[in-house]
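Structure, as structure tokens:
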Amino acid sequence: MIRESSPEEDDNLALIPQHDAKPNLSPHQNHRHPATLEISGELTARIVRRLLSRRCHWYLLAICLSIVLILLLFSFDIGHLFRNVAILRSVSPGDRMREADLRALFLLRNQQLGLLHLWNRTTPRSSSSLSSISSPPSGNSNSAPGKTEFPGVPVAVSPEEFRSVLLEQIRLNMKIQAALLSSHWGRNASLDPVDDNMDAYFSVTGVDVCRKVDRPEDRRTSEWKPHKNRFLFAICLSGQMSNHLICLEKHMFFAALLDRILIFPSRKLDYDYNQVLDINHINQCLGREVVISFDDFVVKMKNKLKIDRFICYISSPPCFLDEEHIKRLRNLGISLGKIEAAWPEDVKLKVQKKRIVADVMPKFSSDAEVIAIGDMFYADVEEEWVMQPGGPISHKCKSLIEPNRLILLTAQRFVQTFLGSNFVALHFRRHGFLKFCNVKEKSCFYPIPQASECLLRIVERANAPVIYLSTDAAGSETDLLQSLVVLNGKPVPLVKRPSHTTVEKWDALLYRNHLGGDPQVEAMLDKTISALSTVFIGAPGSTFTEDILRLRRGWGTASQCDEYLCKGELPNFIAETE
């Protein structure tokens, strides 16, 4: 019986043909060589035929797969596969020098543009170029003395701004030097060490990047010498404490102009200012009695309380009073005279007109013993005069409206405990600010990542190791902000006032005098700590920030680096309005 062989056995037979093996031939059998050649040729042909029949389809399949793979590779971006592959090659000194020269040329170009911009702003303008430009009205009280502004023509750069621009050019010059020197360093050297030490370089060379703003030597001030029997009743109703302090400052200005003693409001109608402010400090600064508390006013008037004339600065609503507040005034036992508007024509105005002293005096001068002019927060009178460092009134102190002495001492103790002499203060207003900012022409509510970048730029300039955070933000926001405030690989701590415990000693004065825990006292404490900082970053549009800036101007702690958070930037994302 003949057995069929399997394909595997056939392959073995083809590769190892044992039955056709060449026999051992003796020397006398060499005459049969041609037959042997014939048999060998036959064997070779058989082997080739078997290989072709068994292997050919595998070769064809391999060729087809190769073609498919090539087509697939060309259908993708092959360059992308190798784009991130580092090509190791030796960088010659000539290549490093050319690279350094190109970087230096780029930085020199930027320096040239910066200096040209500064030159254009400091070049005197010819009289012929200004002849066709009309000057502003003479009644504009916002123009500084001796300085005329022309529409469409940039105002000359101020000395402080000039210094700031020069410091930036010095920084740029250092980068150019570093770029040129980099070709002489090792191949892996970078410019970062030089850039990181710039502020240290400035401090060593005596250049104070965030130096204090000099107080002006010549202040425009008004003498406050009130008549003993003439009073101005202060009424502040709009907004929170910060708004009321601005209102009180303007009332003090009017009281000085009208030669009247200012009566601070009753705590039954307004805040308890004795807890927050140092009222006696105001009288001590002027060396006479210029302000009195409501309780002292009651004693002086022998309980015959009255307001003889209500001359309203704000026309609509009159004196910014509603029926509820009028009722509360009468409940204090005060008899009210007729309420009249100084400028009845302002009733239809949404924004108050800018006015000067010459406008005010004829309207509010009176022989009446007690007058009131209503809420002054929105009054726009001599703003530059009122907002100057130290205020508009002549006195011997740095500032008239200051925190209660206990609050000031507590703030100093907090700084000594947690912050030290060099710290940045940030007022990070969030609660209610999202809606408030987004209805404005330019929103002032910034995403946390963008806010952290703005904050880091100022912290780097100030070279401060810690940030005091005054905020009403939720913990989720402050936690994210802290995780992003990282400078040179190190987190910059955000310090908030801790909750009171018996272990804490820095706030013992407040609790010993029964002031601890009061929200207005704590708000003033936040302001005071921020006012003591090396650099302050405020929230645009916040009167809390404005009151801190007022204190810094008065105390002489204002810095060249003080600014609003993300100044000059718009939020990189703004939600739609409702």
Side-chain angles (χ1 to χ4, degrees), residues 139 141 221-238 246-266 269-270 282-283 286 288-294 296-322 325-326 328-330 332-347 349 352-382 385-386 391-394 400:
S141 62
T221 59
S222 175
E223 294 291 333
W224 191 358
K225 296 180 178 180
H227 300 297
K228 292 184 178 180
N229 59 347
R230 293 292 181 268
F231 303 94
L232 173 62
F233 197 98
I235 298 177
C236 297
L237 307 173
S238 60
I246 293 172
C247 170
L248 282 175
E249 187 175 26
K250 293 179 179 180
H251 266 98
M252 289 168 58
F253 179 52
F254 269 59
L257 295 176
L258 300 172
D259 297 327
R260 291 178 175 271
I261 296 173
L262 183 67
I263 306 167
F264 266 65
S266 167
L269 185 68
D270 202 340
I282 300 173
N283 292 328
L286 276 86
R288 62 183 72 92
E289 188 178 61
V290 294
V291 296
I292 59 173
S293 66
F294 179 79
D296 290 339
F297 173 66
V298 172
V299 173
K300 279 183 176 289
M301 299 300 292
K302 298 178 181 179
N303 291 323
K304 294 181 180 180
L305 306 181
K306 61 178 180 176
I307 296 178
D308 299 307
R309 290 192 64 185
F310 240 125
I311 312 169
C312 300
Y313 185 96
I314 305 295
S315 300
S316 179
C319 289
F320 218 76
L321 283 170
D322 54 19
H325 284 96
I326 292 174
R328 288 167 65 182
L329 279 170
R330 286 175 174 157
L332 291 173
I334 300 174
S335 62
L336 304 180
K338 180 183 177 182
I339 299 177
E340 55 187 296
W343 296 281
E345 64 274 16
D346 287 359
V347 171
L349 294 180
Q352 292 296 310
K353 287 184 177 180
K354 294 180 182 294
R355 291 192 164 93
I356 58 175
V357 171
D359 300 325
V360 169
M361 295 302 291
K363 296 290 185 178
F364 294 94
S365 295
S366 172
D367 290 331
E369 189 173 9
V370 183
I371 68 169
I373 56 181
D375 196 309
M376 292 289 291
F377 175 72
Y378 294 102
D380 191 352
V381 180
E382 304 282 8
W385 188 358
V386 173
I393 298 168
S394 176
L400 284 181

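Computed from a predicted model, the values in this text were never measured in an experiment.
Atom CZ of Arg330 has 12 or fewer neighbouring heavy atoms from other residues, nucleotides or ligands inside a 6.0 Å radius.
Inter-residue side-chain proximity for Ser266 and Arg328 is flagged as unmet; no heavy-atom pair is nearer than 4.5 Å. Side-chain contact between Phe231 and Ile292: present, with at least one pair of heavy atoms (C-beta onward) separated by less than 4.5 Å. By the 4.5 Å heavy-atom criterion applied to side chains, Asp380 and Arg355 are not counted as neighbours. The side-chain heavy atoms of Ser222 and Leu257, taken from C-beta on, include a pair separated by under 4.5 Å. Two residues are said to be in side-chain contact when any heavy atoms from C-beta on lie closer than 4.5 Å; Met252 and Ile282 meet this criterion. Between Phe294 and Asp270, every side-chain heavy-atom pair lies at or beyond the 4.5 Å cut-off. Using a 4.5 Å heavy-atom threshold, the side chains of Leu286 and Ile393 count as touching. Between Leu248 and Pro265 the shortest side-chain heavy-atom distance falls below 4.5 Å.
Among all heavy-atom pairs drawn from Asp375 and Leu237, the shortest one is OD2-N, 2.6 Å. Nearest heavy atoms, Met301 versus Val370: CE-CG2, 4.4 Å. Residues Trp224 and Val290 share a closest heavy-atom pair of CZ2-O, 3.3 Å. For Ser293 against Ile263, the heavy-atom pair with the smallest separation is O-CG2, 4.4 Å. Scanning all heavy atoms of the two residues, the minimum distance from Phe233 to His251 falls at O-NE2, 4.2 Å. Listed here is the closest heavy atom pair of Ser394 and Glu223: OG-OE2, 3.4 Å.
Annotation: Tyr378 is in aromatic contact with Phe320 [ring centroid separation under 6.0 Å].
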Report task. Before giving the answer on side-chain contact (heavy atoms from CB on, under 4.5 Å), spell out for Phe253 and Val357 the whole-Å C-alpha distance, their side-chain angles and the decisive distance to 0.1 Å. Result -> CA-CA 10 Å; Phe253 179 52; Val357 171; 4.2 Å; yes
Report task. With side-chain contact (heavy atoms from CB on, under 4.5 Å) as the test, would you mind laying out the steps for Val381 and Lys250 before giving the verdict? Result -> CA-CA 9 Å; Val381 180; Lys250 293 179 179 180; over 6 Å; no
Report task. Would you check, one step at a time, whether the test side-chain contact (heavy atoms from CB on, under 4.5 Å) holds for Asp296 with Phe264? Result -> CA-CA 10 Å; Asp296 290 339; Phe264 266 65; over 6 Å; no
Requested in this report: Could you go through the side-chain contact (heavy atoms from CB on, under 4.5 Å) check for Leu305 and Leu332 one step at a time?
Outcome: CA-CA 9 Å; Leu305 306 181; Leu332 291 173; 5.5 Å; no
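Note on residues 358-372: pairs passing salt bridge (charged side-chain N to carboxylate O under 4.0 Å, His left out), not counting sequence neighbours, are Lys306-Glu369.
Going from atom CD1 of Ile371 over to atom CZ of Phe310 covers 10.5 Å, rounded to the nearest 0.5 Å.
Ion pairing between Glu340 and Arg309 holds under the 4.0 Å rule for side-chain N and carboxylate O.
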